[in-house]
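Below: one structure, written as structure tokens.
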Amino acid sequence: MATDIRLKEELPVITEQLVDTYTECSRMNHLGHEPLPSRDGVADIVADLFEVLYPGYGKRQNLHLGNIGYYVGSLVDALHDKLTQQIARALRHELCEEAPHIDCEKMAQPKAIELLRRLPEVRKVLEQDVDAAYRGDPAARSHHEIIFSYPGLEAITVYRVAHELQDLKVPYIPRMMTELAHAKTGIDIHPGATIGPGFFIDHGTGVVIGETCEIGVGVKLYQGVTLGALSFNKDDDGGLVHGSYKRHPTLCDGVVVYANATILGGQTVIGERAVIGSNVWLTESVPPDTTVVLEKPRLRLKGARPAADDVALTYHI
């Protein structure tokens, strides 16, 4: 392949222009600091967590009660080291300007240990999530099929671990985890959301659950559901106020939300056992045991027909 030497002579100029932007756009650089959390490292942690939470479904087969202790023990030991390293990096980046001499590894290890301590309880909640999927989807053939193949469960699993890290005040890594799941499944759950057990997302693509959502026990969502913010607090200069003030809705126990519904606002509360129909747009609260649906839309079919040129049909959602 022929190379035009004159064009290659532009490369040093391009490089210089890029380097100049590293001063002009300094918030997009991480230069001269300690290493950041690694995307690959966090993905590796997520993979190991799935091995611990769902043993026998992943990389290692032929597990039984005689060897499971050894296998999980080796994973937990590795997770301790990996979590400590990545959490320390996250803490160092968060604290380096305010407290450059702090021992971030010493701060990170108890957080890593505490997350590992919480995994047995996380498994108990996930068992309820798996069972909710089985009971809520007539197409499900078994609990095994759900664990192997349901993107909703994968996103919920990552969320549940990331939420614990968020609760432990670990920066960056919880959001990195849930965005890995978002990229893979199309389901965007903020790690700050509070979600009760028995949670099921059917199909899942396009679901968005905001940071300050509160979701009760036994809630079911379908694809395309948005649980979002209606408005944002602003400071005196008109800029957004950042933080975890209540911006997203509350869904009480037993709520079902059908496809492409949008529920917005921190003061919006969907009462127990309420059902929100497809394509509904809600910015106000709904009492318990209430069904909310759109009025029946009408389709108009145009074309040559024996009876009439235009036929209006009612379409039931």
Side-chain angles (χ1 to χ4, degrees), residues 36-61 75 78-79 82-83 85-87 89-90 115 118-119 122-123 125-134 136-137 139-167 170-195 197-211 213 215 219-228 248 257 259-261:
L36 289 171
S38 162
R39 286 192 177 97
D40 290 342
V42 171
D44 190 37
I45 288 169
V46 170
D48 283 354
L49 286 165
F50 267 80
E51 288 289 299
V52 169
L53 295 170
Y54 303 109
Y57 288 92
K59 294 180 289 186
R60 177 68 184 272
Q61 302 291 318
L75 283 171
L79 277 166
K82 294 173 184 178
L83 283 164
Q85 180 188 56
Q86 297 304 325
I87 293 171
R89 288 183 175 192
L115 176 68
R118 296 184 183 188
L119 291 183
V122 170
R123 282 203 85 227
V125 174
L126 287 170
E127 184 179 42
Q128 296 178 66
D129 296 331
V130 173
D131 191 53
Y134 182 72
D137 184 4
R141 296 293 182 264
S142 67
H143 292 72
H144 302 298
E145 181 182 52
I146 292 162
I147 295 169
F148 272 128
S149 58
Y150 276 39
L153 179 66
E154 182 166 354
I156 292 166
T157 300
V158 174
Y159 153 78
R160 294 220 181 272
V161 176
H163 181 73
E164 297 302 328
L165 285 170
Q166 183 99 344
D167 184 60
V170 173
Y172 303 113
I173 294 174
R175 192 67 184 269
M176 292 171 73
M177 286 182 167
T178 55
E179 290 303 332
L180 283 170
H182 181 195
K184 187 174 180 182
T185 67
I187 299 168
D188 183 1
I189 310 177
H190 195 287
T194 302
I195 302 176
F199 183 49
F200 177 36
I201 302 176
D202 201 354
H203 307 296
T205 306
V207 167
V208 177
I209 300 174
E211 177 187 17
C213 278
I215 297 177
V219 170
K220 180 179 182 179
L221 308 181
Y222 284 83
Q223 70 273 15
V225 169
T226 297
L227 305 179
H248 304 96
V257 185
N260 300 314

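Reckoned from all heavy atoms, side chains included, excluding hydrogens, waters and symmetry mates.
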Open item on the list: According to side chain to side chain donor-acceptor pair (under 3.5 Å), who are the partners of R118, at least two apart in sequence or on a separate chain?
Closed with: E114, E164, D167

Open item on the list: Testing the basics here: between I195 and R160, what is the closest heavy-atom pair and its distance to 0.1 Å?
Closed with: O-NH1, 2.9 Å

Open item on the list: I need the minimum non-hydrogen distance between I187 and G204, along with the two atoms involved.
Closed with: CG1-O, 3.2 Å

Task: Distance-minimising heavy-atom pair for A133 and A140 - done: O-CB, 4.5 Å

Open item on the list: What's the separation between atom CG in D202 and atom OH in Y222, rounded to the nearest 0.5 Å?
Closed with: 5.0 Å

TODO: With the side chain counted from C-beta on, respond yes when H248 and L227 share a heavy-atom pair under 4.5 Å apart, and no when they do not.
DONE: no

Open item on the list: Between I209 and L221, is there a side-chain heavy-atom distance shorter than 4.5 Å?
Closed with: yes

Open item on the list: Just verifying a value: how many Å separate T157 OG1 and L53 CG, rounded to the nearest 0.5 Å?
Closed with: 7.0 Å

- [ ] Please tell me if the side chains of T178 and H190 come closer than 4.5 Å, counting only heavy atoms from C-beta onward.
- [x] no

TODO: For E179, enumerate each residue passing the side chain to side chain donor-acceptor pair (under 3.5 Å) test, keeping only those at least two apart in sequence or located in another chain.
DONE: R175, H182

- [ ] Could you note down all residue pairs passing salt bridge (charged side-chain N to carboxylate O under 4.0 Å, His left out) where residues 37-56 supplies at least one of them, sequence neighbours left out?
- [x] D44-K82, D48-K59, D48-K82

Task: Partner set under side chain to side chain donor-acceptor pair (under 3.5 Å) for Y172, not counting sequence neighbours - done: E94

TODO: Kindly give the heavy-atom pair with the smallest separation between D129 and F199, and that separation in Å.
DONE: OD1-N, 2.9 Å

Task: L119 side chain near L49 side chain, heavy-atom distance below 4.5 Å - done: yes

Task: Full working for side chain to side chain contact (heavy atoms under 4.5 Å, CB included) between H163 and I189 - done: CA-CA 10 Å; H163 181 73; I189 310 177; over 6 Å; no

Distance-only donor-acceptor pairs under 3.5 Å for side chains of residues 144-156, two or more places apart:
from : atom 1 : to   : atom 2 : distance (Å)
H144 : ND1    : Y57  : OH     : 2.5
E145 : OE1    : R141 : N      : 2.8
S149 : OG     : E145 : O      : 2.5
Y150 : OH     : D137 : OD2    : 2.7
E154 : OE2    : K184 : NZ     : 3.0

Task: Q86 side-chain N/O to S38 backbone N/O, donor-acceptor pair under 3.5 Å - done: yes

Task: Inter-residue atom distance R123.CZ - Y54.OH, 0.5 Å rounding - done: 8.0 Å

TODO: Grab the two heavy atoms, one from G198 and one from A132, that are nearest each other, plus how far apart they are.
DONE: O-CB, 3.5 Å

- [ ] Would you indicate whether the side-chain heavy atoms of M176 and P37 approach each other to under 4.5 Å?
- [x] yes

Task: Counterpart residues, side chain to side chain donor-acceptor pair (under 3.5 Å), relative to Q166 (two or more places apart) - done: none

Open item on the list: Rounded to the nearest 0.5 Å, what separates atom CG in L83 from atom CD1 in I45?
Closed with: 4.5 Å

Open item on the list: Could you tell me if the side chain of T185 sits less than 4.5 Å from the side chain of V158, heavy atoms only?
Closed with: no

